[in-house]
A.B. asks: 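Below is one structure. I have some questions about it.
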Amino acid sequence: MAERIVIVGAGAAGRAAAALLPQARIVARPEATAWHAEPGRLWILERGQIDAVPFDILVVAAPVLHLLLALGCRTRAWRPVVDACGRTSAADVFAAGALVGAATADEAARQGRIVAQAILGRAPEGTIAVGAPPERVGEDDLLAASLGVTKVALRDGGIVGIATAARHRTDAEPIPFAPATPIPFAALAARAGERPPPRPLQIDEALA
Amino acid sequence: MRADAIVVGGGLHGLSAALQLARRGRRVLVLEAERIAAHASSASAGGVRTLGRDLAEVPIALAALEMWREIASLVGDDCGYTQSGQVKVAETETELDQLAARVRALRARGWEHEELVDRDALRRLLPALAPHCVGGLVVRTDGFATPYRTALAFHRAAVAAGAVVREGARVVGLERSGGIWHVALADGTRATAPIVVNAAGAWGPRVARLAGETIPVRFSAFMMLLTSPLPPFVTPVVGAVGRPLSFKQLASGHVMIGGGHKGVADLDTGRVVLDIDRAAYSARTALDLFPVLAGCALEHIWAGIEGVATDDLPVIGHGRSEGLVHAFGFSGHGFAIAPAVGALVAQLALEGTTNLPIGPFDPARFGPARAGTG
């Protein structure tokens, strides 16, 4: 298979998926941290360096909802919205395991296998159902964890206006921002090359 | 619903216009397609800046600054407004010469608010600044505020003054007949008013098009970076002459970095995709100027969708159609002037003229409207 498959997480769900997808690249802590994603590219921190990992198919099998939010995947009550084989609202992105609400390692592994079977085009052995919403440890904790910001940053504010604004959105609305998770500032700066040319203003094609 | 004025767009500018119209006794209806302050208004850097403004914007920026100083009396909340000062840093002698020329141009027009400072004075203002910087331009009365909190305060004040604000109210049709705008919403309901204010931000050209007007304002997704908290090391908001940068430390210790690097926005979905390589260049610039950032973490990056005109000036003025006022396309620097622009919009809508010059912001300045040139 020519597809570049990337699996985030090496817990029960990630390992089960990887067992059926030996060509997949595994991105898992502590060696590598997946801190951000955009369509077709996963951004990782590995050995202190920031890098982009291109993917055709992404399996998120770690509790990192912010990656799915950054990819524009739909969520409901702090869980990704997935179909019976773990496919999110983005066709090339799957989710499995604790993130989806799997309560045990066995269930997480079962979900990881179903996702892998779906990617391989095989009939999945079973279905995935999204679990109950995460226990409410407080809206701030959930929001902070999901957005990859610390609770202090969140509490300050109105300050992180965008995160605060997120509180007021409903599940049906688009997420007008792309969250990231903490990485060393100097690592990001080190990635900078020559000054990039300014990105041209975007034109509204709908009015063209 | 029948109103005296309908404001399309529940961002800071729409809410400021609504407040001013409602305070003048008008029945105001605000129609917001998503949620109030969903895009640029909450993703803004929150700079309250007269420094470095296009000369056309200076009168409005100075008027707005007076309003910021009394912002609590306007909207019942201090909006996190801090008079920290703003500094624009020159990294070379050539850049410093540019700043000196700028000051001369301002002085020639009678404006004294920007002050040129040399290397030593700059060091006193910004002790943590990298030593290669040679001087700068300062406005000591500039500062910053908290964007989302500000939008919420304007929302509360507008509602308290009698405005009705509807969220999830997407405008899909604008028709004028019998001296009245008939506004059609996506949910099938309608509203009417003799006056419509287009404060739809990046979506402003779409609203203009509903009224048959072509205003070729573009859009961008301006990125912001937020670091982990650091001990206090900088008070003023810092920009640079030669590189895109806006840099400030919040009371919480977090450092907020913006300045113009862009991601990619989608107007149909309201989504943005970050441009990590350009964010990295932003981080590099900040680190070059403030080496103290070397040990901190990057906590968050976001981007807000903003209307940007090709001449980098806002669109403020009457539309071609009677009873239509445009106020959008603030090009990434509309936050500071929002309190004053709301008043200008109310003057335009009710009196037809304004007490400050707005000619350079004329919606018709892009030339004759031709379909397909947007």
A.B. asks: Give a yes or no on whether the backbone of A/A192 and the side-chain of B/R284 come within a donor-acceptor separation of less than 3.5 Å.
C.D. replies: yes

A.B. asks: Counting neighbours of CD on A/E46 that are heavy atoms of other residues, nucleotides or ligands and sit closer than 6.0 Å, is the number greater than 12?
C.D. replies: yes

A.B. asks: How about B/H326 and B/F328: are their ring centroids closer than 6.0 Å?
C.D. replies: yes

A.B. asks: Can you confirm whether B/L287 sits close enough to B/F290 that some side-chain heavy atom of one is under 4.5 Å from a side-chain heavy atom of the other?
C.D. replies: no

A.B. asks: Between B/A145 and chain A, with a heavy-atom cut-off of 4.5 Å, which part of the residue counts as in contact: side chain, backbone, both or neither?
C.D. replies: neither

A.B. asks: Given that the side chain runs from C-beta out, which part of A/E194 has a heavy atom under 4.5 Å from chain B: side chain, backbone, both or neither?
C.D. replies: backbone

A.B. asks: Below 4.5 Å, heavy-atom pairs only: which of B/P244, B/A221, B/S228 has the largest tally toward chain A?
C.D. replies: B/P244

A.B. asks: Measure distances from B/A309 to the heavy atoms of chain A and classify the residue's part below 4.5 Å as side chain, backbone, both or neither.
C.D. replies: backbone

A.B. asks: Kindly give the heavy-atom pair with the smallest separation between A/L201 and B/S220, and that separation in Å.
C.D. replies: CD2-OG, 3.4 Å

A.B. asks: Name the region of B/I276, side chain, backbone, both or neither, that has any atom closer than 4.5 Å to a heavy atom of chain A.
C.D. replies: both

